[in-house]
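All of these numbers come straight from a predicted model, not from anything done at the bench.
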Amino acid sequence: MDSLPLLADHPYASFLDQVEKPARYAGGEVGSVVKDWASVEARVCLAFPDVYDIGMSHLGFKILYKLLNDDPRTLAERCYTPWVDMEAQLVKRGLPLVSLESARPLRDFDVVGFSLQFELTYSNILTMLHLGGVPLRAADRGEDDPIVIAGGPTATHPEPIAPFLDAIVIGDGEEKATEVALAWARLKREGVPRRERLVAIARLGAVYVPSLYATRLDPDTGFEVVDRPLASGIPFPIERALVDLNKYPFPDQSPTGGPEAIFDRMSIEIARGCTEGCRFCQAGMIYRPVRERDPEQIVDTVMRAVQRSGQDEVSLTALSTADVSCISPLIKKVTERLTAERISLGVSSLRAYGLEPDLLDELKRVRATGLTFAPEAGSQRMRDVVNKNVTEEQLLETAERVFSRGWGKMKLYFMIGLPTETDEDVRGIVETGARAAGAGRKAAGKGKPVDVTVSVSTHVPKPHTPFQWAAMDTLGEVGRKQRLLKDTVRPYRAVTLKTHEAHASVLEGIFARGDRPLADVLERAWRHGARFDSWEDKLDLAVWEEAFTHVGVDREKYLGTLPVTARLPWDHIDVGLEEGFLAKEYRKALQSRLSPPCGKVAGMFVHHTNLDDAKADARRLVCYDCGVACDMTQMREERLTFLDRLGAHRRSLPVLTDAGAAPPAAAPGPSGAAASDGGAEPASDGGAERESVAATEPKSGDGSEPSRAEAEAPHRARRIAPAPKGRGGFRYRFRFEKAGPMALLGHLDVVRELPRVLRRVGAPMTYTAGFHPKPDMTFSPALSLGVISLDEYVDLRLERDLDPAALDALVAAMSAASPRGLVFSGAVKLGPEDPALSKLIAGARYALAFARSAIGGDAEALLAARCSAALSAESLPIRREIDRLAKMVDVRQYLVRAEVGGPEVHAALARAGLVGDLVALEVEVDIRGSGAVKSSEVAAVITGEPGEAPGAITPPPHRAVRLQLFGRTSPAGSVAGERFSLFDLERARRVKSAPERTPALPLAADAE
């Protein structure tokens, strides 16, 4: 049953309590932008075809959101795919999918823009269009429908999804997003017919409009390929857009808050493109040339982003961060700025052998639980095939450096199903992991933990890569190789093997190399229930089997070897590579021949880390001659400038420069991504797009031995502020309210948000001591989702001693820097003699609000009789279920008072945002160290009707508001005791030994 609306004027307000993570749909995060629709020329909905938790971490979304909202002519709002429970609710109620910022249906926008990151999200695009009130197929859209546009890496091979899209941006979207939105809105206002508008959009360049191009069957493959344009003046092929990154600084603010995102950190893009040329990697081909952001701009962006977002973790990201020319001095500079703020630093795609030892030691001191690298193949021959310029010696050196510095875990990513692979190569995957473990044990020392995880995915040949013509392994062959891996790993106890289910990879391969007839398969599968196909537990293979059979599509033609001379379904998209380059690289792969990294001196695979060495090295930079115009002279000068700006003038270690005799640190090769074990698992796309981020936290008080670099260079150790001994700081108690979207957040999400608020206002907290320091704070008992509170508390420690006026100013600033629905209403300073919240809280008052129509008759009289009966009962049992475990709770043991609420209670309900013809109960309950009772359980035993299960009772639809938390001078359960405010410190000091007090309160929802 529906509850009273929690969010004013929101179409989902009455039933959000009934879905998982309701805050996914509420908006109101810090950094979100709500503009007046009448004040702009064009309105854009950025639509991400996956759940909120994933889409909130996407960098491209953050870039476009800020660009469009910074422009006074445009606005951007966000929408994510609703989870299956929310979709069911919307379908049941006939409600549209709406944006987070203004709760407008997708059909109301001028532009609906999708991010194409992964082929297995295509069914979610259809879900969003359908629920948003937009016709699925471009051909069915009318004059008033929005333009449906898309961009992203899979936009470079879009034919299976093309019939559902009006336009597709090829390449960088920074300039095109605004240009397309304004042009479309202007032409629509001028009354230009839809088809003519599409032609005008296509003529802007770097925009592919599928309906304006004819197709034909290619006789060599049977694929339907794009043949020619159907309108004059539109491009063929369609060339990509390319921007200067420094003209578009990475956003230092984006929506932050809500349910925890998959990557709950502030990620900063430091470069686009990659120098390495791995032959399986689509991103490394389509994002050329490498473009690096100005390091001064990066450092400034990082510091502003930390202050504005309040995040406690920053990640520097790029396709291959290790190949950013100034990465070592950049990390040092960022580390120097962040450590004083107790902000953790994560860096994706690092290589241990390519970093100076002192830098590794600094990274270690901000503690990652483990590091991740991607050798990709298990033998040197196969690494040469894929052009993974890394040697066995470098992998072993990586393991030695990692484990010698105290890391206990290392993860290695590999692929099976690569061209020319043999069983020996497959077994070599496990054997490589075993050798890394051996090197790690030797380096770590006796008794130290060494854990190497070997994670193996299935290669998917991707368009615009040298392997685009290669066959994909059949499911049977993948299964055989996985069994071979499992047999090989048995003797190696230090190696943990993880393999990935291959059915999703096969579906991905079909849609990656697919053509337009697959659109019919996609729509058929979607109509029969295909949803969230990239989620292993949601992929329904039977639905897809039926769709392929019904449409009559031969899957094998998409997975077999393709003729190099054939025209392919993505050949009309020009990503900037010279014709013949990919075929040349494919032939070199079949001959196990390497191509050196571009943009570097031949034989040197780690950039100079200081200005002196860079200036002294006059050798020419390698050029792939791939067709992308790179100015090598400008590239060299830019790198010198970057090193100078970072103050990296001299080397801190001797470096051997003889390429023929170079040690592993100067020999070929990236070993891939470095990350914590909590980083991203790569999608099963053959490594095409891996974002792997080191999740780190400051380390202190763990009793560990100092590293050699710390012992030899104590001045370096001073870069990181030492953690305080003991608890330190100054204690304060803050009172706050949580309503609206904040009432839909779980307790742990609220706990995560408070330190962010304090960082935004520049009020440093103190941290707990120990191996894993955390902000020192204690909250009042947790609330169930959907329960509003006007009286919440947190005890915390700040580094500053604040007088009452400064404390009042801080409270006001905190409210201004909080998400919608979180309001701070007061604070007091605590002394050493003041007991903690857990010692004081004895009870709570709630208002239980019901729509008068839900009670019926004389509602007040009926509820008064129910309250009297409840208080007269000896026992009020109710069944409580937590994580599928049930227990009986006697609500009567906690219920102190229950009566019909008067004007004061109704005034509190109005303050909480609950209005209308309401009738309310005011109840008082005990909160004991041994447990508590939920407001919903009180409502059930007083107003509900018995259910089918013993002890199960269902109350009428209602909304609970916690009115007050209080201490009591009398024992628990006594009505006569005197209640006192938790801000009344004089009375609080008298009840240290009050009965029924225990050292701590549980944080679970049943602590309510």
Side-chain angles (χ1 to χ4, degrees), residues 57-60 62-63 245-246 248-254 261 263-276 283 287 290-309 311-339 341-352 354-356 359-360 362-368 371-374 606-607 609 639 642-643 645-646 648 670-676 678-680 689-698 719-720:
S57 300
H58 186 244
L59 300 187
K62 295 179 179 181
I63 292 171
L245 293 188
N246 289 315
Y248 296 91
F250 193 82
D252 53 24
Q253 186 171 23
S254 58
F263 299 111
D264 189 31
R265 55 181 71 98
M266 176 56 68
S267 295
I268 306 293
E269 181 194 47
I270 62 175
R272 196 172 295 176
C274 181
T275 62
E276 301 308 290
Y287 288 122
V290 175
R291 287 155 289 162
E292 298 183 4
R293 294 188 184 275
D294 186 313
E296 286 186 332
Q297 184 188 97
I298 293 170
V299 175
D300 290 344
T301 299
V302 165
M303 299 315 296
R304 287 196 306 269
V306 165
Q307 195 278 321
R308 292 180 177 181
S309 71
Q311 295 276 26
D312 64 352
E313 188 175 327
V314 172
S315 175
L316 305 181
T317 65
L319 282 175
S320 181
T321 311
D323 296 299
V324 175
S325 65
C326 59
I327 187 60
S328 287
L330 175 61
I331 290 174
K332 290 182 181 180
K333 177 71 75 174
V334 172
T335 301
E336 288 172 355
R337 298 285 298 274
L338 291 180
T339 49
E341 304 294 330
R342 287 195 168 273
I343 305 299
S344 302
L345 175 65
V347 186
S348 71
S349 309
L350 277 180
R351 308 188 201 108
L355 298 178
E356 296 175 354
L359 182 57
L360 278 174
E362 290 202 25
L363 288 175
K364 173 57 188 167
R365 296 189 73 233
V366 291
R367 202 179 83 71
L371 294 177
T372 302
F373 303 92
V606 178
H607 288 287
T609 61
R639 292 171 181 172
F642 288 169
L643 289 170
R645 289 178 180 174
L646 289 169
S671 64
S676 75
E689 290 197 37
R690 293 190 168 166
E691 183 185 1
S692 183
V693 182
T696 61
E697 291 197 52
R719 288 177 180 166
I720 296 182

If you compare all heavy atoms of V324 against all heavy atoms of A318, which two are closest, and at what distance to 0.1 Å?
CG2-CB, 4.4 Å
Would you mind reporting whether Y248 and I63 have side-chain heavy atoms less than 4.5 Å apart?
no
Using side-chain heavy atoms (C-beta onward) and a distance below 4.5 Å, is F642 in contact with L330?
no
E269 meets the side-chain hydrogen bond (donor to acceptor under 3.5 Å, both in side chains) criterion, sequence neighbours left out, with R272, R293
Provide the closest heavy-atom pair for A271 versus L245 in the form atom of the first, atom of the second, distance.
C-CD1, 4.3 Å
Residues 297-307 side chain polar contacts: donor-acceptor under 3.5 Å, at least two apart:
{"unit_1": "T301", "atom_1": "OG1", "unit_2": "Q297", "atom_2": "O", "d": "2.7"}
{"unit_1": "R304", "atom_1": "NE", "unit_2": "D252", "atom_2": "OD2", "d": "2.6"}
{"unit_1": "R304", "atom_1": "NH2", "unit_2": "D252", "atom_2": "OD2", "d": "3.4"}
{"unit_1": "Q307", "atom_1": "NE2", "unit_2": "R760", "atom_2": "O", "d": "2.4"}

Side chains of I327 and I270: does their closest heavy-atom pair fall under 4.5 Å?
yes
With a 4.5 Å heavy-atom cut-off, do N246 and R291 have their side chains touching?
no
Give a yes or no answer on whether the side chain of E276 reaches the backbone of S320 with a donor-acceptor pair at less than 3.5 Å.
no
For I268 versus P251, what's the shortest heavy-atom pair and its separation?
CD1-O, 4.5 Å
At their closest point, which heavy atom of M266 faces which heavy atom of S254, and how far apart are they?
CE-OG, 4.3 Å
Any non-hydrogen side-chain atom of P295 less than 4.5 Å from a side-chain atom of K333?
no
